[in-house]
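Remarks on the structure that follows.
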Amino acid sequence: MGTERSGRHGREYLGQTETDSLLRDSPTTNPVDESDLPESDAEEKEAPTPFDNAMNRIGFGYGQIAVLMAAAMANAADSVELAAVSFAITTTMECDLELNAGRKGWLISATFIGMMFGGWLWGQWADKYGRKRTLVIALALNASAAIGCGLATSYLELVLYRVICGLGIGGSIPILFSYFSEFTPAAERGRAVTVLAASWMVGAIIVAILAYLIISPTECARDSGDKRTQEAICADQAAEGCGLTRIGDHDFDSWRLFLLTSTVPAVLAMFMVAMQNESPRWLMLNGYPEEAEYVLAMLARSNGTQASGWRIALQSTTNNDAQGNPGGVAAAANKQRTFVDALRELAKPPLYWRMVLLCGTWFFLSFGFYGFTLWLPSYYKSGGIDDDSDVYLVSIYVGLSNLPGNLFSYLLVDRIGRKWTIILSLILSGACVFVVLAITTTSGVVAFSCVFAAVSVSAWNALDVLVVELFPTIVRSTAFGIQAAVGRMGSIASSVIFGEFSDSDPTLPMTLTGIVLFAAALCCLALPHTGRGTAIH
């Protein structure tokens, strides 16, 4: 088999390679020196085929499922960490860190501030230095800062850790969708990326279950109509031993134990992603054709595909360098590409208008979705549901309600296309918000909160697929990161507004939520239509 060595992005073999055995017409024959072949034979054997043709021939199977599992764990971990603080601020953290309504709003906003900068920062690094490496670093940063959140002793310290968490979360979300999509054939991409997006629901359920198991048993009954000062309420809770979990002979703050436990998915995701290969499309376009061939050969073997006869090459042979290496000129240019170069590329039509419309969609959707979902626990506790209802159990129901929404998007994303799936989801989501405001019963509020979660998740799933397909590989993660950063601005705005009005009049920001969701649908109308089989470049 030859001598094995480790490369920067995967293993490669010296001598007769495992890749060669898949790339040659006859895997059982000995290696042949191509210089000894007639020129016509050598050209026929090495005739370049487009990357998508090679990927389509390999198909979708166990090789991609392994990458999907790692990326899904990363996505679920981000969901857990993002939502964890919205549960923690309803606990005795209010007393321990002296939180009021305004501070709660800025605490949630701190995560989105970090995500805003993380999106464009990590996105450009992923385009330049590789998807896998950048994703692992982002996950490690998220996990480390999340541990700090559980150990924070002051409000400002917690805010700082939440900003750092946001940097990690904001970096991994844009990258993981680009990363996984570049392993999938065009015909399977829509549904495969939708399945990846559905892992966000898994994270939402996990964090709600953790809150129910860790926080809920230590909570003391509290009347939402209690008009006493926070100091008086905190004094009573301390006297009753509220918010404490006893382990052995020691008492621990339940909210700290909850936040520390919530870091486990991020740690697992970091190791799972580290075990995967680099994106073969990124490798090919950045001057690593042998390693790209190796990754695709491993995918072919995992899928049981006879992939002989193809060769990884750029779609246009005019990009070969002076030595005839496929993609040599393009790869050299990609390695020298800076963030400013990527911005210039995105400023050219048609990418410019796509960026403008998608940034608008991200902003409005983020404002509406996060404004509604992250403040649901606080809305419930402020009187949205009966005092004897368990907020954390209700949150589990809302998380589970994402399942039909994910199935809905899985079925529609290829049937009616990505754009129309987003628009339909946004219109239904906006309508649900106004229905929730009109309902006065606990069962009704919970039911339509679940409906909102079910229909809104389809917009996110289809949007993830659409962004991947509308931008080329060399700027895909950068574009995704910038749009996500703009979306975080919407999230910050909603967090601050909801925080200011959560104790006085929560109906005003809820009304605004419904309006901006309709605005997001309008932005999508002018976007290009993509569907099953759409090629990415």
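Atoms considered below: every heavy atom in the structure, side chains included; atoms not considered: hydrogens, waters and symmetry mates.
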Next on the checklist: Using modelled atom types and a 3.5 Å cut-off, is there a donor and acceptor pairing between side-chain atoms of Arg476 and backbone atoms of Val468?
Outcome noted: yes
Next on the checklist: Under a 3.5 Å cutoff, is there a donor and acceptor pairing between the side chains of Thr111 and Arg162?
Outcome noted: yes
Next on the checklist: Checking Ser178 against Glu182: is there a side-chain donor and acceptor pair closer than 3.5 Å?
Outcome noted: no
Checklist outcome for this item: When rounded to the nearest 0.5 Å, the distance separating OG of Ser409 from CZ of Arg418 is 11.0 Å
Checklist entry - Say you draw a straight line from CD1 of Ile113 to CD1 of Ile492; how long is it, rounded to the nearest 0.5 Å? => result 4.5 Å
Checklist entry - Below 4.5 Å, heavy atoms only, C-beta onward: do Leu167 and Met115 meet side chain to side chain? => result no
Item to check | Side chains of Leu151 and Leu260 in contact at under 4.5 Å (non-hydrogen atoms) | outcome: yes
Item to check | Over 12 non-hydrogen atoms of neighbours within 6.0 angstrom of OH in Tyr161 | outcome: no
Next on the checklist: Over 60° means perpendicular and under 30° means parallel, so tell me whether Tyr288 and Trp282 are parallel, tilted or perpendicular.
Outcome noted: parallel
Checklist entry - Does a donor on one side chain sit under 3.5 Å from an acceptor on the other, for Trp255 and Asp96? => result yes
Item to check | Asn461 side chain to Thr194 side chain, donor-acceptor N/O pair below 3.5 angstrom | outcome: no
Next on the checklist: Quick check for you: to the nearest 0.5 Å, what is the distance between Arg103 atom CZ and Glu94 atom CD?
Outcome noted: 12.5 Å
Next on the checklist: Can you confirm whether Phe117 is buried at CZ, in the sense that more than 12 heavy atoms of other residues, nucleotides or ligands lie under 6.0 Å from that atom?
Outcome noted: no
Next on the checklist: Distance alone, cut at 3.5 Å: any donor-acceptor contact between the side chains of Thr245 and Ser254?
Outcome noted: yes
Next on the checklist: Going by side chain to side chain contact (heavy atoms under 4.5 Å, CB included), name the residues that satisfy it together with Leu463, two or more places apart in sequence or in a different chain.
Outcome noted: Leu358, Thr361, Trp362, Leu365, Ile422, Trp460, Val467
Checklist entry - Of all residues at least two apart in sequence or in a different chain, which pass the side chain to side chain donor-acceptor pair (under 3.5 Å) check with Thr92? => result none
